[in-house]
Amino acid sequence: MSSQKVSIPDLQQKKKKKHPITMLTAYDYPSATLVDEAGVDIILVGDSVAMTVLGYPDTVSITVDEMLHHCKAVARGAKRAFLIGDMPFLSYQIDAKEAIRNAGRFIKEARMEAVKLEGGREVIESVRAIIDAGIPVMGHLGLTPQTATKLGGYKVQGKTEKSAKRMLEDAVALQQAGCFALVLEAVPSKLAESITAELNIPTIGIGAGPACDGQVLVFHDILGLFDQFTPTFVKQYANLREPILKAIRTYRQEVESGVFPADSHSF
Ligand code: KIV
C-alpha cells in the first residue's frame, strides 16, 4: 500500500485494472485516523452519522452545519484516504445555486475533496451545477435513505424490469453529468453487475453484490458499535460494544471500590 494521497485518477485506474476499491465511513478524528491507517481508499463522512453517532431515527433531520462539524474532524485525522462529504437531505434539491453553495462549504470549510448526493435524473441539474463549479460529485442510486419514505421503506430497489431499466438510465445520466463514481445501495447483484459493466466510472456497492468496482460499509456496523439494527448486507468484523461496556463497568467499579486511582496514577 502506497502512502501517497488517493486521487480520483487512482480510483479510475483501480476500476480499469479490476483492483477492488475500499470505502468506509468515519465521523470524527479517532475513527478517521483508524480508517486511514488501515489503508482504506475512500473515507465517506456519511449522513449515517445522524443515526450511528447522533441518535436520530433516520438521516432526514441532519443539517449541513452538523455534517460540516464531523467532516472537519475527519479531515484533521485522515492523511491518505480520499475524502467525501455526504450532502444532507434538502441541501441540494431546492435549486442549483443553493446546491453549489452548500457543496462549496464541504470543500472550503470542511476540507472534503468531493461530495456525495442521492438520486438520479431528479437531481441531475444540481449534480451538473456542482461539477461545473469545480467540485467532484459521487452519485448514489438504489436505496436512497433520505427518501426511503417515498420508496416504501428500506427495501431492495430495481427488482422489476421497469425499475432496473430506470436505474441503469439514471446511472448513465449521472456519468454523463460528470460524476466520478457511483454508490449502488441495496440493488440485486445482477443489476449492479450490468450497471458496473455499462459505466466507465467506478461503482461502489453496499448490498449490491461482488461485481461492483468497490465496496462501502458503515464504521459502526462493521465494528458492532450500533445496536439498533444490522442490515443483512453488513458483515460484522468485531463486536466492540461488549469489551467497551466491560471496560467502562470495571472503571466504575474500581472508582466505587477505591482501587482507582492507585499510587501510580497519583502525584
Ligand atoms: O451515509 C452513509 O453512510 C452512506 C453509505 C452507506 C453509502 O450513504
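Order of listing sets the numbers, starting from 1, for every ligand and every atom in it. Heavy-atom basis, side chains included; hydrogens, waters and symmetry copies ignored. Quick note: residue numbers are just sequence positions, from 1.
Atoms of ligand 1 lying under 4.0 Å from any heavy atom of Gly46, numbered from 1 in the order shown and given with element: 1 (O), 2 (C), 3 (O). Each of the atoms 8 (O) of ligand 1 lies under 4.0 Å from some heavy atom of His140. The distance from ligand 1 to the heavy atoms of Thr25 drops below 4.0 Å at these ligand atoms: 3 (O).
Nearest heavy atoms, Leu83 versus Ala78: CD2-CB, 3.8 Å. Minimum heavy-atom separation, Gly39 to Arg80: O-NH1, 3.3 Å. Of all heavy-atom pairs between Gly142 and Val187, the closest is CA-CG2, 3.8 Å.
Contacts between Asp86 and ligand 1 below 4.0 angstrom, taking non-hydrogen atoms only, involve the side chain exclusively.
Protein heavy atom closest to atom 6 (C) of ligand 1, with residue, atom name and distance, is Ile206 CD1, 3.6 Å. Shortest contact from atom 2 (C) of ligand 1 to any protein heavy atom: Ser48 OG, 3.3 Å. Of all protein heavy atoms, the one closest to atom 7 (C) of ligand 1 is Leu44 CD2, 3.8 Å.
Under a 3.5 Å cut-off, the side chain of Gln146 and the backbone N or O of Met87 do form a donor-acceptor pair. Panel note: side chain Gln175, backbone Asn200; a donor-acceptor pair is recorded below 3.5 Å. Remark: the backbone N or O of Ile201 is paired with a side-chain donor or acceptor of Lys15 at under 3.5 angstrom. Checked by atom type and distance alone, the side chain of Arg121 pairs as donor or acceptor with a backbone atom of Arg166 at under 3.5 Å.
In terms of N/O distances under 3.5 Å, ligand 1 is approached by Asp47.
Contact between Met23 and ligand 1 is absent, with no heavy atom of the residue lying under 4.0 Å from the ligand. For the ligand labelled ligand 1, residue Lys116 lies inside the 4.0 Å heavy-atom shell.
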